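So you know, we letter chains A, B, ... as the sequences are listed, proteins then strands, and number each from 1. Everything quoted here is computed from the prediction, not taken from an experiment.
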Amino acid sequence: MDDKFLKPYNPKEVEGKIYQTWEDSGYFNPDKLPNQSGEPFTVVLPPPNVTGTLHVGHAYEDTLQDIVIRFQRMRGKRALWIPGTDSAAIATQARVEKNLQKDEGKTRHDLGREEMVKRTYEFAKNSESTILNQVRKMGASLDWSRYAYTLDDKRNLAVFTAFKRMYDAGLIYRGSRIINWDPKGQTTISDDEVVYEEEKSKFYYFKYGPFVIGTARPETKFGDKYVVVHPDDSRYSAYTHGQKIELEWINGPIIATVIKDSAADMEMGTGAMTITPWHSLVDFELAEKYDLDKEQVIDKYGKLLPIAGEFAGMKITEAREKIVEKLQAKGLVEKIDENYVHNIATSERTGATIEPQIMEQWFVAVDKEFTIPYSEIPGIESGSKITLKEMMRTAVEGGAVDMPQEGFRKTYLHWILNLHDWCISRQIWFGHRIPVWYKNNEIYCGVSAPEGDGWEQDPDVLDTWFSSALWTFSTLDWPEKTVDLKTFHPTAFMSPAYEILQLWVSRMILMSGFHLGQAPFKKVLIHGLVRAKDGRKFSKSLNNGVDPLDMVEKYGADALRMGLIVGSAIGSDIKFDEQRIRGYKLFANKIWNVTRFILENAKDFDSEAKLVDYTGTDTGAYSMHATYHNQLKTSLEDITLDLENYRLYLAGEKIYHYFWHTFADEIIEWSKPLLKSGDEKEKWATQHLLLSILADTIKVLHPFMPFVTEEIWSSLPAQLKKQKLLMVEPWPLS
RNA sequence: GGGCGAUUAGCUCAGUUGGUAGAGCAACUCAUUUACACUGAGAAGGUCGGGGGUUCAAGUCCCUCAUCGCCCACCA
């Protein structure tokens, strides 16, 4: 027996070495696996932000995927897990800008676009190794030879190609639409990056000619020359649609037009409202419907424009009170409600109050019909007409993407129903630049700049989710028609956090459906968030963060993996409990000691001797051996079924339980007298039983606790193994 | 405002198609010159949030209420 077993198991001495052995073996790459006839089984790693560090959420997500990948690999599948990182454009640029300000006192504009992009790229590249090494520490069996970065050449080509094809299909268009403008970040942001915060403010009632209108935002009212009432509102039956009324307003008399539309809520206030199409989505939609004038009142910096007359140039907050004062002086204030509670839109990243604006932006049209050239998605015929929205719905309802968690499926479908066109342009510098060039009135879209002089590229970059949405196939080098793409797409499954269901999952379905006519993945299992023990989110401000690498240092990666997986079903939140992780460190040591005991007591095991076959029906004196053998088989079948059905937490708990309380407490205790009895045949049978249970349980534990099991495997007698490395050993029962 | 979920032992959570309530941790008793930087044996602990219904049978299915959480949403 190896002397290493005389000491307790020490993960620190083992994990680095074992990971190196795996990497050197080449088996992370499915093309190098011993069994080349297996079915492909692909997972793409949700690419972590290149400038980030590993947090407990990643550790959990990586473990989930690694368990599945390792299980499938041992079952003989050609398992491929593709690693990658994301540039997360806005986050990265913001980070570099912050450093720039701090270290050199400069802004991005001082540097200029080219230099800024160069520095950001370098910064991203420099920090990428940090997170990748952290992922390795978790034991993730990723095929590093297929590593992808969202801004590398191949992914860049994929993004440009995707854009061009959708542009040519009429699904990407440029239009003046109302968007969420972040005055602080000086960029548009997507609906998903907007967070609503409850705020108590004043609500004003103003006299607007014969009407009384309510508003929380007097500063936008300069351009309001339409008053909207509900067609059924008896209070206003005297007025007709389109009727013009002259009235006194903030800066003098104006002509207002009456609009009758059911958008006005009769229950709300006086039932009459004025509209500001340039700065409100509802108002914009009304203006589009009736072809009304739209006027900008507030500029990109949150200041009032000349239309505000004497208030021009003022900041919103400053202007608000002054406008009210003026209206008050003119006797136009009916009343002011001091306790008005409403939600205001703020930018998730900068915290600034969002100012809706009409701007020229690029959009993906989700409601426009197109002809889908090719489709493997059940319910969608190749060559049929469909909208992206319908496609996204059908992919899930028709089963191309299996979303077994009913609650999340409902959430997804509900979200699809309410989907608006997706604004994909961002006014930042770092990221995929929009592949469109302008020259006078000409416009060109292509994967590279057009021939000839005088063309200027669109200054904006794409929403980072645009490239992320291509991830399942851009990582397989699409648009090239590679063997990889043919073999490994659609991917087998994806396990994102529920936070990201709409943001990412749905958009992958959109892109994969349009460009390949395939689902991006066959199954999606949404997991919960890892929270602090008190149920609160981990956050910097609460200073309750846990660094997974500290846990690895203290208890080993295997213990951390088990501690995260066992104990909560996939989909519900996980409360992080260090005690549990400590418990699994003890378990790793238990496995270690069981091995020590068995190897010590099986030194003289003679595999050549004629063994008693206790696996048959007529077992005679060896009925206990047979019972234990069959019990093992039953347990492993059960656990295998759980793994096949992604019930990882159950499988993990069951193997833990079997190993400790059946194998160690019961079977080994039972074996002690038999090993000493002096009956050679009985001893061999017992040694054989113990060795085979050990080998089989080590195999089943491997996906969960890869390091300690691989280390033990290297010390097991060769006749128990088909493969030198446990990671490619065939799964028991198969 | 709309949608989704949760409520089970002191704590954290399982409970897969309805069939005698489970685990880990903590706490308790005992053992321990033992493969175990510890481990083993044992005992204790729950009217499964409240109420109603379906059923031979409900933690599980249906209705309703309460509390908590999350997501979405333009209420001027």
Row check, A/Tyr205 ring normal vs A/Lys335 NZ/CZ: under 6.0 Å, within 45° = yes
remark   = Per atom distances to the A/Val282 side chain, the nearest of B/A35, B/A23, B/C74 is B/C74
inquiry  = Nearest to the side chain of A/Phe597, heavy atoms from C-beta on, is which of B/A76, B/A35, B/C25?
reply    = B/A35
Sugar-phosphate only, base, or nothing, as touched by A/Ala216 at under 4.0 Å among non-hydrogen atoms = nothing
message = Over all strands shown, is A/Ile574 touching base, sugar-phosphate only, or nothing at heavy-atom distances under 4.0 angstrom?
response = nothing
inquiry  = What does the 5'-to-3' dot-bracket notation of RNA chain B look like when only Watson-Crick and G-U wobble pairs under 3.5 Å count, and pairs to other strands show as |?
reply    = (((((((..((((.....[..))))..((((.......))))......(((((..]....))))))))))))....
remark   = Rounded to whole Å, NZ of A/Lys585 lies from C1' of B/G24 at a distance of 18 Å
remark   = Ranking B/U16, B/A14, B/A76 by distance to the side chain of A/Ser568, first place goes to B/A14
inquiry  = Rounding to an integer number of Å, can you tell me how far A/Asn645 CG sits from B/U17 P?
reply    = 11 Å
ask   = B/A21 and B/U47: how far apart are their P atoms, nearest whole angstrom?
value = 13 Å
ask   = Considering only the P atoms, how many Å lie between B/U16 and B/G22, rounded to the nearest integer?
value = 14 Å
inquiry  = From CG of A/Leu281 over to C1' of B/C74, roughly how many Å is that when rounded to an integer?
reply    = 6 Å
query = NA contact type, A/Arg580, heavy-atom cut-off 4.0 Å: base, sugar-phosphate, or nothing?
reply = sugar-phosphate
Same-atom distance (P) from B/C70 to B/U60, integer angstrom = 26 Å
key: Among B/G2, B/C4, B/G15, the nucleotide that comes nearest once only the side chain of A/His414 is considered   = B/G2
Distance below 4.0 Å between A/Ser572 side-chain N/O and B/A14 OP1 or OP2 = yes
inquiry  = Looking at B/G24, I'd like to know if its phosphate oxygens (OP1 or OP2) sit under 4.0 Å from a side-chain N or O belonging to A/His661.
reply    = yes
request  = For A/Phe493 and A/Tyr646, run ring pair (Phe, Tyr, Trp, His ring centres under 6.0 Å): C-alpha distance rounded to whole Å, both residues' side-chain angles, the deciding distance at 0.1 Å, then the answer.
outcome  = CA-CA 10 Å; A/Phe493 98 116; A/Tyr646 296 89; 5.1 Å; yes
A/Lys4 with A/Glu711: basic N within carboxylate O range, under 4.0 Å = yes
Separation of the P atoms in B/C28 and B/A14, to the nearest angstrom = 28 Å
ask   = Given atom CE of A/Met562 and atom P of B/A14, what is their separation to the nearest angstrom?
value = 16 Å
query = Looking for any heavy atom pair under 4.0 Å, which part of the strands does A/Gly583 touch: base, sugar-phosphate only, or nothing?
reply = nothing
ask   = Distance check: side-chain N/O of A/Tyr498 vs OP1/OP2 of B/G5, anything under 4.0 Å?
value = no
request  = Would you mind telling me which of B/A35, B/G5, B/G15 lies closest to the side-chain atoms of A/Lys410?
outcome  = B/G5
task = With C1' as the reference atom in both, quote the distance from B/C56 to B/A9 in angstrom, rounded to an integer.
result = 30 Å
request  = Establish, for the pair A/Lys672 and A/Phe597, whether the NZ or CZ atom is under 6.0 angstrom from the six-membered ring centre and no further than 45 degrees off its axis.
outcome  = yes
query = Reckon A/Phe408 touches a base, only the sugar-phosphate, or nothing at all at heavy-atom distances under 4.0 Å?
reply = nothing
message = What's A/Gly271 touching, base or sugar-phosphate or nothing? Going by heavy atoms closer than 4.0 Å.
response = base
query = Given the side-chain rings of A/Tyr290 and A/Tyr226, with only the six-membered ring counted for Trp, is the space between their centroids under 6.0 Å?
reply = no
message = Rounding to an integer number of angstrom, what distance separates B/U8 and B/G15 when you compare their P atoms?
response = 14 Å
inquiry  = Taking only the P atom of each, what is the distance from B/U64 to B/G5 in whole angstrom?
reply    = 14 Å
task = Considering just the side-chain nitrogens and oxygens of A/Lys672, establish if one lies under 4.0 Å of OP1 or OP2 belonging to B/A35.
result = yes
request  = Give a yes/no answer on whether the side chain of A/Trp660 brings an N or O atom under 4.0 Å of OP1 or OP2 in B/U39.
outcome  = no
task = Find which nucleotide of RNA chain B each of A/Arg647 and A/Ile668 is nearest to by heavy atoms, and output the residue with the more 5' nucleotide.
result = A/Arg647
query = In whole angstroms, how far is the P atom of B/A76 from the CG atom of A/Asp224?
reply = 14 Å
key: A/Tyr208 and A/Asp224 side chains, donor-acceptor separation under 3.5 Å   = no
Whole-Å distance separating the CD1 atom of A/Ile655 from the P atom of B/G24 = 15 Å
query = Say you pick atom P in B/G3 and the same atom in B/C65; how far apart are they, in whole Å?
reply = 13 Å
inquiry  = Working to the nearest 0.5 angstrom, can you tell me the gap between A/His279 NE2 and A/Ile178 CD1?
reply    = 8.0 Å
task = Go through B/G24, B/A14, B/A35 for me and flag the one nearest to the A/Arg596 side chain.
result = B/A35
request  = Mind calculating the distance between NE2 (A/His527) and C1' (B/C70) to the nearest angstrom?
outcome  = 16 Å
message = Of the listed nucleotides (B/U39, B/G24, B/G3), which one gets closest to any side-chain atom of A/Lys590?
response = B/U39
ask   = Of A/Val228 and A/Arg582, whose nearest nucleotide on RNA chain B comes first from the 5' end?
value = A/Arg582
task = Could you work out which one of B/U12, B/A26, B/A41 sits closest to the side chain of A/Asp665?
result = B/A41
ask   = Using a cut-off of 4.0 Å on non-hydrogen atoms, how would the nucleic acid contact of A/Glu669 be classed: base, sugar-phosphate, or nothing?
value = base
remark   = A/Lys603 NZ to B/A35 P, in whole Å, measures 13 Å
ask   = Any side-chain donor paired with an acceptor under 3.5 Å for A/His625 and A/Thr686?
value = yes
ask   = Roughly how far, to the nearest 0.5 Å, is the CG atom of A/Leu648 from the CZ atom of A/Phe704?
value = 6.0 Å
ask   = Hey, mind stepping through A/Glu644 and A/Phe71 against side-chain contact (heavy atoms from CB on, under 4.5 Å) and telling me if it holds?
value = CA-CA 9 Å; A/Glu644 277 172 351; A/Phe71 170 62; 4.1 Å; yes
query = So, A/Tyr239 versus A/Phe211, ring centres under 6.0 angstrom or not?
reply = yes
